[in-house]
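Keep in mind that this is a model prediction, so the values were computed, not measured. By convention in this document, chain letters (A, B, ...) are assigned in the order of the sequence lines, proteins followed by strands, and residues within each chain are numbered from 1.
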Amino acid sequence: MTPRQARAVFDRLLAQHGPQHWWPGDSPFEIMVGAVLTQNTAWRNVERAIDYLRAAGLLDAAYILACDDDRLARLLRPSGYFNVKATRLKALCRWILDAGGVEALGRWPTDRLRHGLLAVKGVGPETADDILLYAFERPVFVVDAYTRRLFSRLGLCAPDVGYEALRHAFERVLPPDVALFNEYHALIVAHGKDVCRPRPRCGECGLQRSCPAAGSPGARTT
DNA sequence: ACCCAGGGTCATA
DNA sequence: TATGACCATGGG
């Protein structure tokens with residue numbers, strides 16, 4: 001992928017979808033919570049869980065750690081995988097408190113932050129990079145399934161390209177600009193929800209599999 | 001009834 | 001290292 005190609009795709013996405021104003025969250029900690037809860041989960045469902053946490057006064061690392069496991073899982077219920085995510089959320093909160101809080105973490109260099117995040121059980125590369133970019137405002141390009149799908153269809157990467165390889169491909173050709181990386185990933189997600197579907201979709205009726213027109217030359221997929 | 005969603009871990013070969 | 005099973009709710 002060349003710098004010009006990366007720029008051209010960004011410009012087209014921005015023209016088509018407009019600024020996305022990510023991350024939807026009020027504080028760095030809330031963004032970190034959302035990053036864990038949104039793992040393989042529609043954002044709509046994550047919002048419900050975060051609303052429950054907020055209503056319970058639990059948008060705080062120490063309070064989440066002190067919360068009973070079953071109660072925490074009940075609050076997370078709408079976001080799916082609630083038992084798993086209750087454990088993961090507590091692991092993340094433990095790490096934050098052990099480090100001296102989010103403020104202290106904000107003074108860590110990016111590579112140390114990233115290694116620390118990846119050492120937390122339940123935080124993988126995408127979740128770590130979400131947190132680095134959107135909570136700590138570091139110039140880390142976030143790669144996800146949407147990114148791989150879109151750019152492989154555009155012929156700009158292999159369909160099975162590894163996470164780090166694709167991340168480096170972007171970071172190599174783009175300036176390390178937090179605002180740019182922020183908007184780029186958000187646009188890729190918006191485009192993935194709307195246009196770049198897993199399977200071609202019929203533009204008339206919206207059906208994916210049932211409609212014979214799905215996948216026809218008229219249906220846009222990228 | 002099926003497919004998908006802003007993934008990650010763990011056991012197995 | 002590379003698959004597969006598993007986690008689980010809600011919308012289309």
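- The aromatic ring of Y146(A) does not sit over the base of dA5(B), since the test of centres under 5.5 Å and planes under 30° is not met.
- Residue R48(A) has a polar side-chain atom (N or O) positioned under 4.0 Å from OP1 or OP2 of dG11(C).
- The interatomic distance linking W23(A) (CH2) with dG6(B) (C1') rounds to 6 Å, in whole Å.
- Atom P of nucleotide dG6(B) and atom CD of E30(A) are separated by 17 Å, given to the nearest angstrom.
- Judged by Watson-Crick or G-U wobble contacts below 3.5 Å, the nucleotide dG7(B) has dC7(C) as its partner.
- As judged by a 4.0 angstrom heavy-atom cut-off over every strand, N83(A) is placed among residues touching the sugar-phosphate backbone only.
- We find that CZ of R74(A) is positioned 17 Å from C1' of dT9(C), with the value rounded to whole Å.
- Nearer the 5' end of DNA chain C, as judged by each residue's closest nucleotide, is the contact made by T41(A), out of R44(A) and T41(A).
- Distance alone, capped at 3.5 Å, places no donor-acceptor pair between the S152(A) side chain and the C157(A) backbone.
- Ion pairing between a basic and an acidic side chain is recognised when a charged N comes within 4.0 Å of a carboxylate O; D98(A) and R94(A) show such pairing.
- Within the 4.0 angstrom heavy-atom criterion, no nucleotide atom of any strand lies near V36(A).
- In this structure, the nucleotide among dG7(B), dC10(B), dG11(C) sitting nearest to the side chain of K121(A) is dC10(B).
- Looking at heavy-atom distances under 4.0 Å, V189(A) makes contact with a base.
- When each of W43(A) and L118(A) is assigned the nucleotide of DNA chain B bearing its nearest heavy atom, the one mapping closer to the 5' terminus is W43(A).
- Contact annotation: R149(A) side-chain N/O to dG6(B) OP1/OP2 distance is not under 4.0 Å.
- Toward the 5′ end of DNA chain B lies the nearest nucleotide of G192(A), the other residue of the pair G192(A) and Q39(A) mapping further downstream.
- Counting only heavy atoms from C-beta on, T38(A) has its side chain closest to dG6(B) among dG10(C), dC7(C), dG6(B).
- L37(A) places its CG atom 14 Å from the C1' atom of dA5(B), with the value rounded to the nearest Å.
- Here the C1' atom of nucleotide dA2(C) and the CG atom of D160(A) are 12 Å apart, to the nearest Å.
- The heavy-atom pair separating L58(A) from I64(A) by the smallest distance is O-CG1, 3.0 Å.
- Listed nucleotides: dC4(B), dG6(B), dT9(C). Nearest to the side chain of N45(A): dT9(C).
- Remark: P of dG6(B) and CD1 of I131(A) are 17 Å apart, rounded to the nearest angstrom.
- Residue T127(A) is in sugar-phosphate contact alone, with no base atom involved, counting any heavy-atom pair closer than 4.0 Å across all strands shown.
- A close approach under 4.0 Å does not occur between any side-chain nitrogen or oxygen of R88(A) and OP1 or OP2 of dC7(C).
- Checked for salt-bridge contact, E164(A) and R114(A) meet the test: a charged N lies under 4.0 Å from a carboxylate O.
- The backbone N or O of L180(A) lies less than 3.5 Å from no partner atom in the side chain of E183(A), so there is not a single donor-acceptor pair.
- Stacking is not found between F82(A) and the pyrimidine-like six-membered ring of the dA8(C) base under the 5.5 Å centre-distance and 30° plane-angle cut-offs.
- Separating the C1' atom of dA5(C) from that of dG6(B) is a span of 23 Å, rounded to the nearest Å.
- Rounded to whole angstrom, the span from the CG atom of L89(A) across to the C1' atom of dG7(B) amounts to 15 Å.
- Taking the six-membered ring for Trp and thresholds of 30 and 60 degrees, W22(A) and H185(A) have ring planes more than 60 degrees apart, a perpendicular arrangement.
- R148(A) places its CZ atom 13 Å from the P atom of dA5(B), with the value rounded to the nearest Å.
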